[in-house]
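What follows is a set of notes on a single structure, which appears directly below.
Counting convention: from 1, in listed order, for ligands and their atoms alike. Index from 1, following the sequence.
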Amino acid sequence: MNQRVMLNTPALEARPFQVYTQRQLDKIQPLQALPEELRFEMQVVSQVLPFRVNNYVIEELIDWNNIPADPIFQLTFPQKGMLKPEHYEQIAQLMRDQAPAAELKAAVEAVRQELNPHPAGQMDLNLPLLHGEPLPGMQHKYQETVLFFPSQGQVCHSYCTFCFRWAQFVGDKDLKFATNEATRLHQYLAEHQEVTDLLLTGGDPMVMKAKHLRQYLEGLLSPELEHVQNIRIGSKSLTFWPYRFVTDDDAHEILQLFRDLIAAGKHVAFMAHFNHWQEMETPICREAIRRLRATGAEIRTQAPLLKHINDDAQQWAKMWKRQVQLGMIPYYMFVERDTGAQHYFEVPLVQAWEIYRDAMQQVPGLCRTARGPSMSADPGKVEIQGVTEIHGEKVLALRFIQGRKADWIQRPFFAKYDESATWLNHLEPALGETAFFYEAEFAQMKQHKQALIAREA
Ligand SMILES: *Cc1c(COP(=O)(O)O)cnc(C)c1O
């Protein structure tokens, strides 16, 4: 089809961005047809967990004839089960009683603190130090990759209900990682020759204007940062706002920036977050993917496995096949992290592995680049390799895909078979061991880092 004709189809016309947050829940038109009780539940849950959804998601992605089961509805709209019953009841009662704002706020804050807002050492262990000073808008957990949280990129076009960074979006400044300091980033990178990858993350860096993104990324072209070869951008914009690459005012500047980085010798990897094939079916999303790929950037895909959204092998198989067809590279299947609404979304590790395996058996090798199911846990990314039996003992075979210590990577280790475990800390060493092989060393590393941070404080 010819380009001009494509651009004239209504689906590819510019769409004004319109966003709804907790305060505007009642204004969302299709919700008004839902029962009062359901709407009250959403009000309660969105007091605690962040809520933000835009007109494209509401009008194009959600099947309103399939509520509440629709996966994109579950992905973006609060559900009663996302709070534990005691937390739900406590907040609901305060709202029914029209309790004073301060009282509600304090109760909400107390609940949030019980939801493990900062899993996996994000506030301390991952914090890089520059000349002894912590750099709050960055994380450096694995030797070759630095995470950077540009301050203008700390929201998203919509929020995912399961997001492990939910605590960043509930308005508490202490909970935010963000920095507006490109200079300190570049200085840190210059002093760390072992870093080959910079991962821009958030929030969603693609909410930023092209000119801001350029400010952060162009500096990477200087000769002293030649060792930073790969620029990754973690984003859900292909799902939540594909207009970013097609009709937004600076769509062309964004694409030009990627072309410039690639022409200068960098690899640009767009780490796209897709939970469900339903996110890739609109013409605007297809066009955004096509344009991004045309810059020379690679698109790699990742997502957690989630109850109520994608806990189904057929769905994963269909999603991976569609991604490969569209030229994207499946990268990770994650395990839902131990934070926020985990109890609502979690899938036991054994079942997660069964879904992964079942999906893998239905797809060609080009789709089998997705590793997982992988837990981004404190010591590293731990993959469940499978269930097997060793000397009559049923075990889970595990390996580090990534480790705080490079030496841990790819070493197989074994946990007692446990059908209900949903996270690494539920697992116990198998085969008569009393601890996993990395535990003593990890405890030492933690002590060392905490002492460094304490000395600075
Ligand atoms: C996943 C992750 C990375 C990247 O790991 P790769 O295996 O190279 O994709 C880097 N830092 C953190 C904190 C991560 O969780």
**Report entry** Ring centroid separation F400 to F413 under 6.0 Å
**Finding:**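 Yes; F413 has its ring centre under 6.0 Å from that of F400.
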
Query raised in the report: Quick one: do K211 and D250 make a salt bridge, cutoff under 4.0 Å?
Result: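 Between D250 and K211 there is no salt bridge, as every charged N stays at least 4.0 Å from the carboxylate O atoms.
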
Report task. Mind jotting down which residue pairs meet the salt bridge (charged side-chain N to carboxylate O under 4.0 Å, His left out) criterion with at least one end in residues 319-331? Sequence neighbours excluded, please. Result ->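 Only E281-R322 qualify under salt bridge (charged side-chain N to carboxylate O under 4.0 Å, His left out).
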
Requested in this report: Applying ring pair (Phe, Tyr, Trp, His ring centres under 6.0 Å), name anything that partners F77, two or more places apart in sequence or on another chain.
Outcome: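 Scan of F77 (ring pair (Phe, Tyr, Trp, His ring centres under 6.0 Å), adjacent residues dropped) gives F51, W64, F73.
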
Query raised in the report: For Y20, what residues pass the ring pair (Phe, Tyr, Trp, His ring centres under 6.0 Å) criterion, not counting sequence neighbours?
Result: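 With neighbours one apart ignored, the set is empty.
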
Less than 3.5 Å apart, N/O on ligand 1 and N/O on the protein: could you list those pairs with the distances?
unit_1: ligand 1; atom_1: 7 (O); unit_2: Y332; atom_2: OH; d: 2.6
unit_1: ligand 1; atom_1: 7 (O); unit_2: Q402; atom_2: NE2; d: 3.3
unit_1: ligand 1; atom_1: 8 (O); unit_2: R232; atom_2: NH2; d: 2.8
unit_1: ligand 1; atom_1: 8 (O); unit_2: Q402; atom_2: NE2; d: 3.2
unit_1: ligand 1; atom_1: 9 (O); unit_2: R232; atom_2: NH1; d: 2.8
unit_1: ligand 1; atom_1: 9 (O); unit_2: Y331; atom_2: OH; d: 2.7
unit_1: ligand 1; atom_1: 15 (O); unit_2: K381; atom_2: NZ; d: 2.9

Query raised in the report: How about E60 and T282: does a side-chain donor come under 3.5 Å of a side-chain acceptor?
Result: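 Distance-only check fails for E60 and T282.
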
